[in-house]
Amino acid sequence: MSQAHEPGTGGGRPSRTDVMLRWATAVPPPRRPSGRRRRRAKRAALAVLLLTVLAAASVATRVLLDRAPHPDRATLSPAPASKATATRGDPGRTDPGIHVQVSPRKDGTLDVVEQIRFLGAATGLQVALPATKGVVAGALPPATRITELQVTADGHRLPRQSESLATGGRVLLPNAPLSVELRYRLVGAATRSTPSTRGRALVLLPPIADDERLSRLPVVVVVEGKGVRGLVCPGLAPHDQLCGRSESAGWRTVFLSPRGTAVLAQLDLTGY
């Protein structure tokens, strides 16, 4: 008559439980990642997220381009006025709003001309670094700053602005102008895409005008050059996030709200 054995004792065959317990005791505990590794992991996850957004935007943009009846103008589904503003005219130039002209450099620095037209006379203008919104909220590159800021109000050039405005502040506007032009260089707004094609970068675009008087006025952002691979506005509703259209000289966004979204561009810096 056969004798019963306790699991894993005597001459009987070890049970599955015993095998798993022996294996678990033989495997060393996982090492806790260092602070540097955790930071690297967070940056890598952020890069993957941003690139995923742009990749999806790039594919969908091609579909929209194929279907669009007017190739010189982007047409998106209707959205609230505070998000994607359906309006006409030339914001920042001949009509109230903001027009931003961006010229990227090979190192990712942006030369910017930002034209602003108020609804009424203004005695000051609040400026701030561009901020991300939506799925990439809080992803502002840490070294971004405004340099070489020059201000022209109603055609009159103001004294050179202090470097204290490198991360934002208030610009005083004498004689209460209706229009203002900002010329500046935005440094540190580009994040290199690694691993990826050499020269590929994700860039956070202006405007830097962040005044309450402009919160309901439309914004247009134009990025010059053949190195632009796509524009996306992650702060908008999903069906509105493809906010740019290719033109002969670069890419242009649809009319946007300055409080509604940031504009991200994927650039090939070797094209500049």
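Keep in mind that what you see is a predicted model, and the values were worked out from it rather than measured.
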What are the two closest heavy atoms between [X] and [Y], and how far apart are they?
X	Y	value
Cys243	Val232	SG-C, 3.6 Å
Ile208	Pro206	N-CB, 4.0 Å
Arg117	Ser179	NH2-CB, 3.9 Å
Gly199	Thr270	CA-CG2, 4.0 Å
Pro218	Phe255	CB-CB, 4.2 Å
Asp90	His99	OD1-CD2, 4.0 Å

Establish whether [X] and [Y] are linked, either directly or via other cluster members, by ILVMFWY side-chain heavy-atom contacts under 4.5 Å.
X	Y	value
Leu214	Leu165	yes
Val180	Leu119	yes
Val187	Val223	no

When you compare the side chain of [Y] with that of [X], does any pair of heavy atoms fall below 4.5 Å?
X	Y	result
Gln150	Arg160	yes
Val127	Pro207	no
Leu172	Thr123	no
Tyr272	Val228	yes
Val151	Glu181	no
Val203	Leu264	no
Leu256	Leu236	yes
Val219	Ser257	no

> Which of these passes side-chain contact (heavy atoms from CB on, under 4.5 Å) with Leu182: Val113, Val171, Thr152, Leu125?
Replying inline: Leu125

Rounded to the nearest 0.5 Å, what separates atom [atom1] in [X] from atom [atom2] in [Y]?
X	Y	atom1	atom2	answer
Arg93	Asp95	CZ	CG	11.5 Å
Leu204	Leu129	CG	CG	9.0 Å
Glu148	Glu163	CD	CD	8.0 Å
Arg200	Thr191	CZ	OG1	14.5 Å
Leu158	Asn175	CG	CG	9.0 Å
Trp251	Leu267	CH2	CG	11.0 Å

Salt-bridge present ([X], [Y]; N to O < 4.0 Å):
X	Y	result
Arg185	Asp111	yes
Arg245	Glu247	no
Arg170	Asp211	yes

> Between the side chains of Glu114 and Tyr184, is a donor N or O closer than 3.5 angstrom to an acceptor N or O?
Replying inline: yes

> Can Gln101 and Glu224 be counted as having a side-chain donor-acceptor contact under 3.5 angstrom?
Replying inline: yes

> Heavy-atom count around Arg183 CZ within 6.0 Å, excluding the residue itself: above 12?
Replying inline: no

>> Please check if the number of heavy atoms outside Lys226 that lie under 6.0 Å from its NZ is greater than 12.
In response: no

>> Please determine whether side chain to side chain contact (heavy atoms under 4.5 Å, CB included) holds for the pair Asp154 and Leu178, giving the CA-CA distance in whole Å, both sets of side-chain angles, and the decisive distance to 0.1 Å.
In response: CA-CA 7 Å; Asp154 277 350; Leu178 285 173; 4.2 Å; yes

>> Apply side chain to side chain contact (heavy atoms under 4.5 Å, CB included) to residues Thr253 and Leu231 and explain how you reach the verdict.
In response: CA-CA 8 Å; Thr253 68; Leu231 300 179; 3.9 Å; yes

>> Run the side chain to side chain contact (heavy atoms under 4.5 Å, CB included) test on Leu110 and Leu205 for me, step by step, so that the C-alpha distance in whole Å, both residues' side-chain angles and the decisive distance to 0.1 Å come before the verdict.
In response: CA-CA 8 Å; Leu110 307 177; Leu205 300 177; 4.0 Å; yes

> Does the pair Ile98 and Leu217 meet the rule for a side chain to side chain contact (heavy atoms under 4.5 Å, CB included), with working shown?
Replying inline: CA-CA 8 Å; Ile98 305 173; Leu217 299 181; 5.9 Å; no

